[in-house]
A.B. asks: 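This is the structure I want to talk about, given as structure tokens.
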Amino acid sequence: METKFKNVRCRDITPSLKGRTVLISGWVHQIRDLGGKKFIVLRDGSGIVQITVSKNEASKEVLDAVENTTLESIVQIRGIVKEDPRAPRGVEITPIEFRIISLAKKPLPLDVSGKVSADIDTRLRERVLDLRRTEMMSIARIGDKALKVIRDVLRSEGFIEVFTPKIIAIATEGGANLFPVIYFGKEAFLAQSPQLYKELLAASFERVFEIAPAWRAEESDTPYHLAEFISVDVEAAFMDYEDVMKILEKVIYEVVKTIRDENTDDLVTLNYSLPEVSLPLPRIRYVDAINILRGKGMDVKFGDDIGTPEQRILVSALDTELYFITEFPTKIRAFYTKPKDDDSEVSESFDLVWRFLELASGSSRIYIKDQLIEALKSRGIDVESFQFFIKWFDYGMPPHAGWGLGFARLLMMLTNRSSVKEVTLFPRDKKRFTP
RNA sequence: GCCGCGGUAGUAUAGCCCGGCUAUUAUGCGGGCCUGUCGAGCCCGUGACCCGGGUUCAAAUCCCGGCCGCGGCGCCA
């Protein structure tokens, strides 16, 4: 779209525009001063383009502005597009006007051009500049594409996108730590999960999904945890855990395939080749996973959690990057998880693991009121405080199932980064809530 | 919360084990040369040892405490 600041974007400047006068605005990405010639690399949200200034051809006004500009300053240029094989992409702009709109201070607290790397701590402190790096732009574009594909696939399966309340009266998951808020003088909490509300919505609309933040005041301090994270939640009536696993693997398959096909430049920028995914993904029952781990010399028994170290070992034994672990012990899953009909020690549940990282988990849910009350009691949870939820099990609660997917974890794996903080634009963790 | 590792110019680093002379290099920044760079090049300059205490003739270097960070775990749909 044409605005008073620009009528073309960097990426759109091609040799086919040669001879045309264009108006363009962006960030000064690099300055290369050869004396008689200066090359300014201009960057905007679409990419970069070269501005070429000749000392004996440009006006004094242009030369002064070019002389005074600094890295990351905002400049507006009116100039003529020139085709030249010596220029990057064979095209450059010769400025007629060169206006500094916003002069950047120097030196920069972070090298945006990527010549000198920075610690993740520095990068998060100087995040706005860090986000201007081409790697971060690629990560953001891949994240955007993933969201689009997730929505497309779910809608094609008849799911509608919904929002659930983020200020809630009670914990949905029992033990986890919540962030308290004051709600008109009463104690309330930030939602740690849309779990209960999405179940109630599935009881009305049949197939729903939500992409929204959730908050957990956990002690978790790892590269895979955030205090505020985007959760992709799905809930469907008249499905069981095996049905929603199929939905989930289809989502993952389409996301990986589409990004491989359509974000090739971004993957090159990130120096990563996404693996091919073929369906169905392997399903490893929990008991079998325990046996595999024991065979590898791990000291694990039925009822133990399968954590990151165990998942690292499992994947090496499986010869596949993405797999499900299914049918976890009932007692190590959340209260709403439905036990198997023929063995209540084991639940209709699953985790989706990508190499060493749990991306998603889900289950069939209990839909019989008495079973739900029993499940709460057996975990020592106060049944009374869940009446707002249990009540609706009296009025036609369908069998249902669902899953939740950590979006940053998915994006981290799609971009081959080592931390969810790196792929979250402004991450909130235990020791960081600014910028 | 536990264990491990670390904190040196704006950024990223070498030096630390084995204490000593002007604290290394890159990038950035300032100046100079250079009319096709594309991580431009060359020359000159600039700028730093986390805080506090201790040992010592002498501490970036050794010891103690603190603060901060990173990693591994724990905790955690």
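Note that the structure is predicted; figures quoted are calculated from it, not measured. Lettering of chains follows the sequences in order, A, B, ..., and the numbering in each one begins at 1.
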A.B. asks: Under 4.0 Å, heavy atoms only, any strand: does A/Y224 hit a base, just the sugar-phosphate, or nothing?
C.D. replies: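 Sugar-phosphate contact only - A/Y224 comes under 4.0 Å of backbone atoms but never of a base.
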A.B. asks: Taking the nucleotide of RNA chain B with the closest heavy atom to each, which residue, A/K430 or A/E358, is nearer the 5' end?
C.D. replies: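 The residue mapped nearer the 5' terminus is A/K430.
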A.B. asks: Which is true for A/D119 with a 4.0 Å heavy-atom rule: it touches a base, it touches only sugar-phosphate, or it touches nothing?
C.D. replies: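 Result for A/D119 = sugar-phosphate.
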A.B. asks: Is a donor from one side chain sitting under 3.5 angstrom from an acceptor on the other, for A/K18 and A/S16?
C.D. replies: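 The answer is no; no qualifying pair exists.
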A.B. asks: So what does A/L34 touch, heavy atoms closer than 4.0 Å: a base, only the sugar-phosphate, or nothing?
C.D. replies: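 Base, at least one base heavy atom under 4.0 Å.
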A.B. asks: Regarding A/P109, tell me which of base, sugar-phosphate or nothing describes its non-hydrogen contacts under 4.0 Å with the strands shown.
C.D. replies: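 Touches sugar-phosphate only.
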A.B. asks: At 4.0 Å (heavy atoms only), tell me whether A/K38 reaches a base, stays on the sugar-phosphate, or touches nothing.
C.D. replies: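 Touches nothing.
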A.B. asks: Do A/R379 and A/F335 meet the cation-pi criteria used here (NZ or CZ under 6.0 Å from the six-membered ring centre, within 45° of the axis)?
C.D. replies: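 Verdict for A/F335: no cation-pi partner in A/R379.
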A.B. asks: What does A/E57 touch in the nucleic acid at a heavy-atom separation under 4.0 angstrom: a base, only the sugar-phosphate, or nothing?
C.D. replies: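 Contact class for A/E57: none.
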A.B. asks: Whole angstrom is fine here: how far is it from CD1 in A/I31 over to C1' in B/rU37?
C.D. replies: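 For the pair A/I31 CD1 and B/rU37 C1', the rounded distance is 13 Å.
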A.B. asks: Under 4.0 angstrom, heavy atoms only, what part of the nucleic acid is A/S231 near: base, sugar-phosphate, or nothing?
C.D. replies: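 Base contact.
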A.B. asks: Answer with base, sugar-phosphate or nothing: what part of the nucleic acid does A/Q30 contact at a heavy-atom distance below 4.0 Å?
C.D. replies: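 Sugar-phosphate contact only.
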A.B. asks: Looking for any heavy atom pair under 4.0 Å, which part of the strands does A/R89 touch: base, sugar-phosphate only, or nothing?
C.D. replies: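 If one applies the 4.0 Å heavy-atom cut-off, A/R89 turns out to touch nothing in the nucleic acid.
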A.B. asks: Whole angstroms only, please: what is the NZ-P distance between A/K106 and B/rG47?
C.D. replies: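 A/K106 atom NZ is separated from B/rG47 atom P by 17 Å.
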A.B. asks: Contact class for A/S361 (heavy atom, under 4.0 Å): base, sugar-phosphate, or nothing?
C.D. replies: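 Answer is base: heavy atoms of A/S361 come under 4.0 Å of a base.
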A.B. asks: Can you work out whether A/F39 or A/K198 has the more 5'-proximal nearest nucleotide on RNA chain B?
C.D. replies: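 That would be A/F39.
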A.B. asks: So what does A/D233 touch, heavy atoms closer than 4.0 Å: a base, only the sugar-phosphate, or nothing?
C.D. replies: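 Base: the residue A/D233, judged by heavy atoms under 4.0 Å, touches a nucleobase.
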A.B. asks: Kindly state each residue pair satisfying salt bridge (charged side-chain N to carboxylate O under 4.0 Å, His left out) with at least one member in residues 96-116 of chain A, sequence neighbours excluded.
C.D. replies: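 Every salt bridge (charged side-chain N to carboxylate O under 4.0 Å, His left out) pair that includes a residue of residues 96-116 of chain A, provided the two are not neighbours, is A/R78-A/E97.
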A.B. asks: In whole angstrom, give the distance that lies between atom CG of A/N68 and atom C1' of B/rC29.
C.D. replies: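 After rounding, the gap between these two atoms is 15 Å.
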A.B. asks: Distance check, P atoms only: B/rA12 and B/rG7, in whole angstrom units.
C.D. replies: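 Per the computed distance, 13 Å lies between those P atoms.
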A.B. asks: For A/T222, report the nucleic acid contact type (base, sugar-phosphate, nothing); a contact means any heavy atom under 4.0 Å.
C.D. replies: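 It contacts base atoms.
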A.B. asks: State which of B/rU11, B/rG36, B/rG69 makes the closest approach to the side chain of A/R125.
C.D. replies: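 The nucleotide sitting nearest to the side chain is B/rU11.
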A.B. asks: With both distances under 3.5 angstrom, what nucleotide forms a Watson-Crick or G-U wobble pair with B/rG71?
C.D. replies: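 Base partner found: B/rC3.
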A.B. asks: Whole-Å distance between B/rC33 C1' and A/K37 NZ?
C.D. replies: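 Rounded to whole Å, this separation is 17 Å.
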A.B. asks: Would you mind reading off the distance between A/H29 atom NE2 and B/rU37 atom P, rounded to a whole angstrom?
C.D. replies: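 These atoms are roughly 19 Å apart.
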A.B. asks: Would the distance check show the side chain of A/S363 and the main-chain N or O of A/T337 forming a donor-acceptor pair, the cut-off being under 3.5 Å?
C.D. replies: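 No.
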A.B. asks: Report yes if some heavy atom in the side chain of A/T326 is under 4.5 Å from a heavy atom in the side chain of A/I284; otherwise report no.
C.D. replies: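 A/T326 does not reach A/I284 side chain to side chain.
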A.B. asks: Within 45° of the six-membered ring axis of A/Y336 and under 6.0 Å from that ring's centre, is NZ or CZ of A/R365 located there?
C.D. replies: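 No, a cation-pi geometry is absent between A/R365 and A/Y336.
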A.B. asks: How many whole angstroms separate atom NE2 of A/H225 from atom P of B/rC73?
C.D. replies: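 The answer, rounded to whole Å, is 11 Å.
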